[in-house]
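Atoms within each ligand, like the ligands themselves, are counted from 1 in listed order. All residue numbers refer to positions in the sequence shown, counting from 1. Small disclaimer: the values here were computed from a predicted structure and weren't measured.
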Amino acid sequence: MTDDSKKNGKLVIISGPSGVGKSTICGRVVKALDAFLSVSATTRFKGDSEVDGQNYWFLTTEEFESRIQQNEFLEYAKVFENYYGTPRQPVDDAVAAGRVVILEIDVQGALQVKKQRPEAVMVFILPPRKEVLEKRIDGRGRGEDAETKKRRLETAAAEIASAWQHYDHMVVNDDLDQAVQEVIDVIEGKIEDKI
Ligand code: ADP
Ligand code: 5GP
């Protein structure tokens, strides 16, 4: 037994455009590191394959705004006209318990967290090519309409541009196993420099 078990955990932010593979990568990293994955709250439409409390806490706008008033979010942002936010307490508890805590959130939210927790490790996931994103958005099986998909792709370009400015690490998700290993290496401090 080392003193490591008594140390505070590590806060890890994973961002990237819709469909790039964040959920898939985070799921694998959580298993590999026994990490704690924060479940965000959102006011957006629940997709066909999604489960309340597992993918997100699906809230009404009134419920979400009431929680903002109660200061229950570590960060929140409007993304695609819907609220998304990270419930504060579960994250604080898991960090205090020494866990690796993963927040899968957008760039606006990531910058809010970084201000409050400068020690947070920031990772941005990139697609290997533009067209790959569109295919992966379809692959998620949420049954989104064409307009929603179009906006997601437009937003992706802006997010990628700002990520170069703000993120410590950029990981290309082409080969999934390789991308997962790279994220694990970043979390474990084996990769220190921006690519
Ligand atoms: P996000 O959480 O970023 O929106 P998902 O993890 O839901 O993205 O992935 C979108 C789709 O792309 C899913 O169908 C997933 O299985 C697929 N996918 C993820 N990573 C890869 C990869 N490296 N190669 C091929 N398909 C992938
Ligand atoms: P999606 O609707 O595709 O699940 O997510 C849309 C965007 O919202 C993604 O960029 C995702 O990272 C972001 N997102 C998910 N949860 C949160 C959150 O709690 N806070 C913020 N700021 N963004 C989030």
Exercise for the section: Look only at interatomic distance and state if Gly85 has a nitrogen or oxygen under 3.5 Å from any nitrogen or oxygen of ligand 2. Expected result: yes

Exercise for the section: Could you tell me whether Glu75 and Lys114 have a side-chain N and a carboxylate O separated by less than 4.0 Å? Expected result: no

Practice task
Check ligand 2 against Arg44 and write out every atom of the ligand that is under 4.0 Å from a heavy-atom position of the residue.
Solution key: 1 (P), 2 (O), 4 (O)

Practice task
Looking only at protein heavy atoms, identify the closest one to atom 7 (C) of ligand 2 and say how far it is in Å.
Solution key: Val79 CG1, 3.8 Å

Practice task
Give a yes/no verdict on whether any heavy atom in Ser18 is under 4.0 Å from an atom of ligand 2.
Solution key: yes

Problem - Shortest protein heavy-atom distance from atom 16 (N) of ligand 2, along with the residue and atom involved - result: Ser40 OG, 3.1 Å

Problem - Residues, nucleotides or ligands: over 12 heavy atoms within 6.0 Å of Lys135 NZ - result: no

Completion exercise
Residues Gln116 and Arg88: closest non-hydrogen pair is OE1-NH1, 3.9 Å

Handout entry: Gap between atom CD of Gln181 and atom NZ of Lys190 - 0.5 Å precision
Key = 7.0 Å

Exercise for the section: Kindly check if the number of other-residue, nucleotide or ligand heavy atoms within 6.0 Å of CD (Glu65) is above 12? Expected result: yes

Exercise for the section: Work out whether the distance between some heavy atom of Gln112 and some atom of ligand 2 is less than 4.0 Å. Expected result: no

Practice task
Using distance alone, with no hydrogens and no angle criterion, decide if Ser15 and Tyr167 have a side-chain donor and acceptor under 3.5 Å apart.
Solution key: yes

Practice task
Output the set of protein residues with a heavy-atom contact under 4.0 Å to ligand 1, ordered first by chain identifier and then by residue number.
Solution key: Pro17, Ser18, Gly19, Val20, Gly21, Lys22, Ser23, Thr24, Glu104, Arg136, Gly139, Arg140, Asn173, Asp174, Leu176

Problem - Shortest protein contact, atom 12 (O) of ligand 2 (heavy atom only) - result: Ile105 C, 3.3 Å

Practice task
Heavy-atom contacts with Arg152 under 4.0 Å: which atoms of ligand 2 show up? List them by number with element.
Solution key: 1 (P), 2 (O), 3 (O), 6 (C)

Exercise for the section: Would you mind running through ligand 2 and noting each atom that sits below 4.0 Å from a heavy atom of Gly109? Expected result: 22 (N)

Problem - Ionic contact status for Arg129 with Asp174, cut-off 4.0 Å - result: no

Exercise for the section: Could you list which atoms of ligand 2 come closer than 4.0 Å to a heavy atom of Ala77? Expected result: 22 (N)

Handout entry: Ion pair check, Glu63 and Arg67, cut-off under 4.0 Å
Key = no

Problem - All pairs passing salt bridge (Lys or Arg N to Asp or Glu O under 4.0 Å) where residues 115-128 contributes a residue, at least two apart - result: Asp92-Arg117

Exercise for the section: Can you pull out the closest protein heavy atom to atom 20 (N) of ligand 2? Residue, atom name and distance to 0.1 Å, please. Expected result: Glu75 OE2, 2.7 Å

Exercise for the section: Look only at interatomic distance and state if Tyr56 has a nitrogen or oxygen under 3.5 Å from any nitrogen or oxygen of ligand 2. Expected result: yes

Handout entry: Hphob cluster co-occupancy, Phe124 + Val172, side-chain heavy atoms under 4.5 angstrom
Key = yes

Handout entry: Protein heavy-atom partner closest to atom 23 (N) of ligand 2 - residue, atom, separation in Å
Key = Asp106 N, 3.0 Å

Handout entry: Backbone N/O of Glu62 and side chain of Ser66: donor-acceptor pair under 3.5 Å
Key = no

Handout entry: Interfacing atoms of ligand 2 (cut-off 4.0 Å, heavy-atom, Lys22)
Key = 12 (O)

Completion exercise
Gln69 meets the side-chain contact (heavy atoms from CB on, under 4.5 Å) criterion, sequence neighbours left out, with none

Handout entry: ligand 2 N/O within reach of Tyr76 N/O, cut-off under 3.5 Å
Key = no

Fill in the blank from the handout: So the salt bridge (Lys or Arg N to Asp or Glu O under 4.0 Å) pairs with at least one residue in residues 16-42 (sequence neighbours excluded) are Arg28-Asp177, Asp34-Arg99

Practice task
Using distance alone, with no hydrogens and no angle criterion, decide if Tyr76 and Gln112 have a side-chain donor and acceptor under 3.5 Å apart.
Solution key: no

Fill in the blank from the handout: The answer for which part of Gln108 has a heavy atom under 4.0 Å from ligand 2 is neither

Handout entry: Within-cut-off N or O pair, Tyr84 and ligand 2, under 3.5 Å
Key = yes

